[in-house]
2 protein chains.
Amino acid sequence: MLPTLDAFDLAILDILQRDNTVSQRAIALAVHLSAPAVQRRIRRLRESGVIRAEVAVLDANRLGRPLTLLVEVHVHDEHPLRTAGLRQRIAAEPAVQQCYAITGEADYLLVISAATMADYQALSERLFGGDDNVRRFRTSVALSCLKSGLQVPIERDAAAP
Amino acid sequence: MLPTLDAFDLAILDILQRDNTVSQRAIALAVHLSAPAVQRRIRRLRESGVIRAEVAVLDANRLGRPLTLLVEVHVHDEHPLRTAGLRQRIAAEPAVQQCYAITGEADYLLVISAATMADYQALSERLFGGDDNVRRFRTSVALSCLKSGLQVPIERDAAAP
DNA sequence: GATGAAATAGCTACAGA
DNA sequence: TCTGTAGCTATTTCATC
């Protein structure tokens, strides 16, 4: 389940995480391999979980969700049992795009997508309202998004001779 | 360039942002449309920018980048001319996955992927070191990632009869 | 890992509502 | 203008070397 990735794998991954619509033939050409070889590697990368998902990235503005909110959450007690409810509500809420447990002053950082501030207010009430383990939360509004992605930097050794 | 999205479009988008390897035929079946109709809609959604990208999401841990860092950056002057350099370095740095200009105490929030703390230290030096407009930056380490994605919540009206 | 055949998906054209 | 049917092209998939 932990296959070592060679330069071919890395080259393939680096293409796919930029654009997974490129054909296996084109990838094969780019990394100097045959198409079936590329296909077998992609299948292994999928099955082993190196490729976690293959998705379309949508424009939130065009879908009526122009707001991105960044929320630092402070809890009284970080103990798993005391935060289970919070974590479950976060997991269940589609508007919460990302959630990190973090070091430092705050305990959690959330990235949230919302249509209106009223919607966010209702959401924050749902997430934090009745939870007496939530000490406080501090919301920042994203004025603009300078960069948005989940791409993992890959050191590009030359792929092949 | 701003086509109104109907229930069919939304249903298609909701499938694709979860898994864009689903065939047009399967989508057609799911949303009760013919495959060519689905294809035409997908093409329009791509061209109009509603679909911003189609990508593979990789597991950073398996690629030797187990660290995620969340960095709040405070600048002296938010004026575009004074922050141009910073924004340019952020854009050029693959390790910076996300960057938001935000309201509140800090001015920017960065999500960064790194292999080691030493690498991050070098990176932060590159990003902020020589810039006298950067007043300070505060780094949090992500202890765990409870949720990770860029999916936009879509209200699922019934797709079609 | 490469080659070639079968299955499948994607694309285009045309007809109809 | 949009959908659906039909037919073609290209890609993926699988067996073999």
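All values below were derived from every heavy atom in this structure, side-chain atoms included, with hydrogens, water molecules and symmetry-related copies excluded. Worth saying up front: this structure is predicted, and the values here are computed from it rather than measured. Here is how names work: the chains are called A, B, and so on, in the same order as the sequence lines, proteins then strands, and each is numbered from 1.
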**Asked** Do Gln98(B) and Leu150(A) touch side chain to side chain, with heavy atoms closer than 4.5 Å?
**Response**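 A side-chain contact under 4.5 Å exists here.
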What integer distance in Å separates [X]:[atom1] from [N]:[atom2]?
X        : N       : atom1 : atom2 : value
Ile27(B) : dC11(C) : CD1   : P     : 11 Å
Ile42(A) : dG1(C)  : CD1   : P     : 13 Å
Arg44(A) : dG1(C)  : CZ    : P     : 8 Å

**Residue list, ring-ring contact (aromatic ring centres under 6.0 Å, His included) with Phe137(B), at least two apart or on another chain** =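 With sequence neighbours excluded, Phe137(B) shows a ring-ring contact (aromatic ring centres under 6.0 Å, His included) to Phe128(B), given in chain and number order.
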**Message:** Tell me every residue that passes side chain to side chain donor-acceptor pair (under 3.5 Å) with Asp131(A), counting only those two or more places apart in sequence or in another chain.
**Reply:**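 Checked Asp131(A) against side chain to side chain donor-acceptor pair (under 3.5 Å); matches are Arg89(A).
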**Non-neighbouring partners of Arg87(A) that pass side chain to side chain donor-acceptor pair (under 3.5 Å), sequence neighbours left out** =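 Per chain and number, Arg87(A) pairs via side chain to side chain donor-acceptor pair (under 3.5 Å) with Thr83(A).
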Acceptor/donor pairs from residues 101-115 of chain B side chains to any protein atom, 3.5 angstrom cut, sequence neighbours excluded:
from: Thr103(B); atom 1: OG1; to: Val141(A); atom 2: N; distance (Å): 2.9
from: Asp107(B); atom 1: OD2; to: Val75(B); atom 2: N; distance (Å): 2.8

Between [Y] and [X], is there a salt bridge with N-O shorter than 4.0 Å?
X         : Y        : value
Arg41(A)  : Asp6(A)  : yes
Glu155(A) : Arg65(B) : yes
Asp59(B)  : Arg52(A) : no

**Message:** By nearest heavy atom, map Ala37(B) and Arg25(B) onto DNA chain D; which one lands nearer the 5' end?
**Reply:**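 In this pair, the answer is Ala37(B).
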**Request:** Extract, from 5' to 3' on DNA chain D, the first and final nucleotides lying under 4.0 angstrom from some heavy atom of chain B.
**Result:**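 The contacted stretch runs from dT3(D) to dA6(D).
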**Complete:** Scoring nucleotides 12-17 of chain C by protein non-hydrogen atoms under 4.0 Å (B base, S sugar-phosphate only, - none) yields B-----
**Asked** Which part of the nucleic acid does Ser34(B) contact within heavy-atom distance under 4.0 Å: base, sugar-phosphate only, or nothing?
**Response**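 Here Ser34(B) touches the bases of the nucleic acid.
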